[in-house]
Amino acid sequence: MEHKIETDFMIINMGPQHPSTHGVLRLELKTDGEIVMACRPFLGYLHRCFEKHCESLDYLKIIPFTDRMDYLASMNNNWAFCIAIEKLMGIKVSEKCEYLRVIVGELNRIASHIIAFGTFGLDIGAFTPFLLAFIQREKIFDLLEEASGARMLYNYIWVGGVARDVDGDWLKKTKKFCQEFKPALDEVDELLSLNKIFVERTANVGVVTKEMAISYGFTGPNLRGSGVNWDLRKNEPYSLYTKFDFNIPVGAGEQGQVGDCWDRYIIRIRECRESIKIIEQALEGISLEGDIYETVPKNFNKMPKGEVYARSETPRGEMGIYVVSEGGKAPVPYRVKVRSPAFCSLSILEEICKGVMISDVIAILGSVDIVLGEVDR
Amino acid sequence: MTPEEIFDKLKEKFGEGKILRLTLPSQNGFDVCDPFIDVEPLAMTELADFLKHDKDLAFDQCCCISGVDLKDDLQVVYHLFSMSKLHKICIKATAKRDNPIVGTTAHTWGVANWLERETWDMFGIKFKDHPDHRRILLEEDWEGFPLRKDYKFPRFWRGMEVTPEEEEGTYGTQD
């Protein structure tokens, strides 16, 4: 008697309630043993109709909604939206406000990167760096709370200015934080970056080539991890970024191939150091004299007819805001579209998760650093 | 390349039937806008291929694909950027509201796959030859296309109340 034993593919749902999917994302994995044959992401669990809401809200009332898109980097979201509206209205923001925006924007970038590499370590199995980094994140939140009144959802950057003024004491505290943060980051770096287990799990995993990265809309740290020297703060400078001296870290495949998970991870650690450099220079340059509401428009009754697409560098990459205005007395935008960096980066998942181990899917997902609030909007 | 040069090059290659017109800021009733080119919707597939692979144009990055409801028509707006040549352009394809079909660009730019799915999901614009033409943010059995201006919010979905009775008809309007 002859028996033929056949194996079958198994469909496994990873998520939506799974800690390593960083929110509510469902991945449908078609597996052959431990190997993933196909991976299909399902989104929309956190869809809150942001773009539909915008069409019935005043321009200023939209800013709190942008907080809730990428809730880990609310300052940068506020900023991206304000840049678009300022471009539409032709507003030049006062220098003091620009300095304040740079400082809070970079502080928020560090806080966001802490989550990115902290939870990435957590996914891989390293618990301590996450806790160490969170001490620093709490300090950033204290600073931002003092400036804006809220810990996470700030509504701080307004069209034409910022919501509240800061005093000299706040600047001193920020300076003190910068000095304290550097050794703390070194500690995390030493613990995690060259840890043998961590390197084994991340080097040569989820390699994204330069061409693929550009085609699939990778931006920000993910794109730079693939070896492309591109940062909107340097290549298409907005605000005051031409004034500061800072470097753009680019992935070089130090532990494996260019564009692997380790490269995407180390870019974020190095970017934190560059952000500290920018904040220190901004603290030197800022002058506390002047009115923060100087360039804030009194009303939005005279909007020009037209459309703008403005992009800026958020911690997750390039956030583009496309605004169409009917002009005249219409107090609400006709259409707002957000080009969400995490949504675009996530679209590569189907492509690079073919033929990898299930555990590598988690490493890849962690290294791309998505926030589901921004993916689903 | 300047927008005029890009427009002339496309016109030379595809002819006036497919490349319709170029709008610069403060033209055609716009106070503020990025320079954009209106094109024939079904020509988008071959156009995208040319825009990416021509060595002078080299639009390797597709920044954004957005749908816009123009009330009479539906429009797809492409924001393109070239990382090697450092120039950008905006392309607009306007399709009829009763049967909106636009050629897909998903074979040219990987990211266009999801961005076009989102446009289908929200506006009901079909993309010809799209490799994975499904909804993305909403459920597959959702009725209607929410970002159209004439969209009515449903009272119930799969037996669940999604719009309270007293608020019916008030969503999407300025209060």
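In the text below, chain A, chain B and the rest are named by the order of the sequence lines, each starting its count at 1.
- How far CZ of Phe42(A) is from CZ of Arg134(B): 5.0 Å, rounded to the nearest 0.5 Å.
- Ring pair Tyr322(A)/His79(B) is perpendicular by interplanar angle, where above 60° counts as perpendicular and below 30° as parallel.
- Rounded to the nearest 0.5 Å, atoms CZ (Arg335(A)) and OG (Ser66(B)) are 6.0 Å apart.
- Contact tally against chain B (heavy-atom pairs below 4.5 Å) for Gly306(A), Ser215(A), Gly217(A): the top residue is Ser215(A).
- Contact annotation for Leu138(B): only side-chain heavy atoms (C-beta onward) come within less than 4.5 Å of a heavy atom of chain A.
- Other residues, nucleotides and ligands place more than 12 heavy atoms under 6.0 Å from the NZ atom of Lys149(B).
- Heavy atoms of Leu115(B) lying under 4.5 Å from chain A belong to its backbone as well as its side chain.
- Applying the 6.0 Å contact sphere to NZ of Lys152(B) captures no more than 12 heavy atoms from other residues, nucleotides or ligands.
- Interface remark: Val338(A) contributes no atoms to any contact with chain B (heavy atom separation under 4.5 Å).
- Summarising the geometry, atom CG belonging to Asp376(A) is positioned 6.0 Å from atom CG belonging to Leu137(B); distances are rounded to the nearest 0.5 Å.
- Tyr309(A) contributes atom OH, which lies 4.5 Å from atom SG of Cys64(B) (distance to the nearest 0.5 angstrom).
- In this structure, CH2 on Trp114(B) lies 10.0 Å from OG on Ser340(A), to the nearest 0.5 angstrom.
- Only the side chain of Asp132(B) comes within contact range of chain A, with at least one heavy atom under 4.5 Å from a heavy atom of that chain.
- Per-residue counts of heavy-atom pairs under 4.5 Å with chain A were compared for Asn113(B), Val77(B), Ile65(B), Asp121(B); the largest is that of Val77(B).
- Ranked by heavy-atom pairs under 4.5 Å with chain B, the list Lys305(A), Glu236(A), Arg339(A) is led by Lys305(A).
- Open room surrounds CD on Glu143(B); 12 or fewer heavy atoms of other groups in view lie less than 6.0 Å from it.
- Proximity to chain A is limited to the side chain of Phe81(B), based on heavy atoms less than 4.5 angstrom apart.
- For chain A, the nearby parts of Asp34(B) are the backbone and the side chain; heavy atoms of each come within less than 4.5 Å.
- Here CE of Met83(B) is found 5.0 Å from CG of Leu223(A). Values are rounded to the nearest 0.5 Å.
- Comparing Glu211(A), Glu351(A), Met89(A), Glu51(A) by heavy-atom pairs within less than 4.5 Å of chain B, the highest count is held by Glu51(A).
- Contacts of Glu118(B) with chain A are made by side-chain atoms alone, with heavy-atom separations under 4.5 Å and no backbone atom involved.
- Nearest heavy-atom pair across Pro146(B) and Lys52(A) is O-NZ, 2.9 Å.
- Among Lys87(A), His53(A), Glu318(A), Arg40(A), the residue making the largest number of heavy-atom pairs under 4.5 Å with chain B is Arg40(A).
- Between chain A and the options Lys92(B), Arg135(B), Met122(B), the largest number of non-hydrogen pairs under 4.5 Å is found for Lys92(B).
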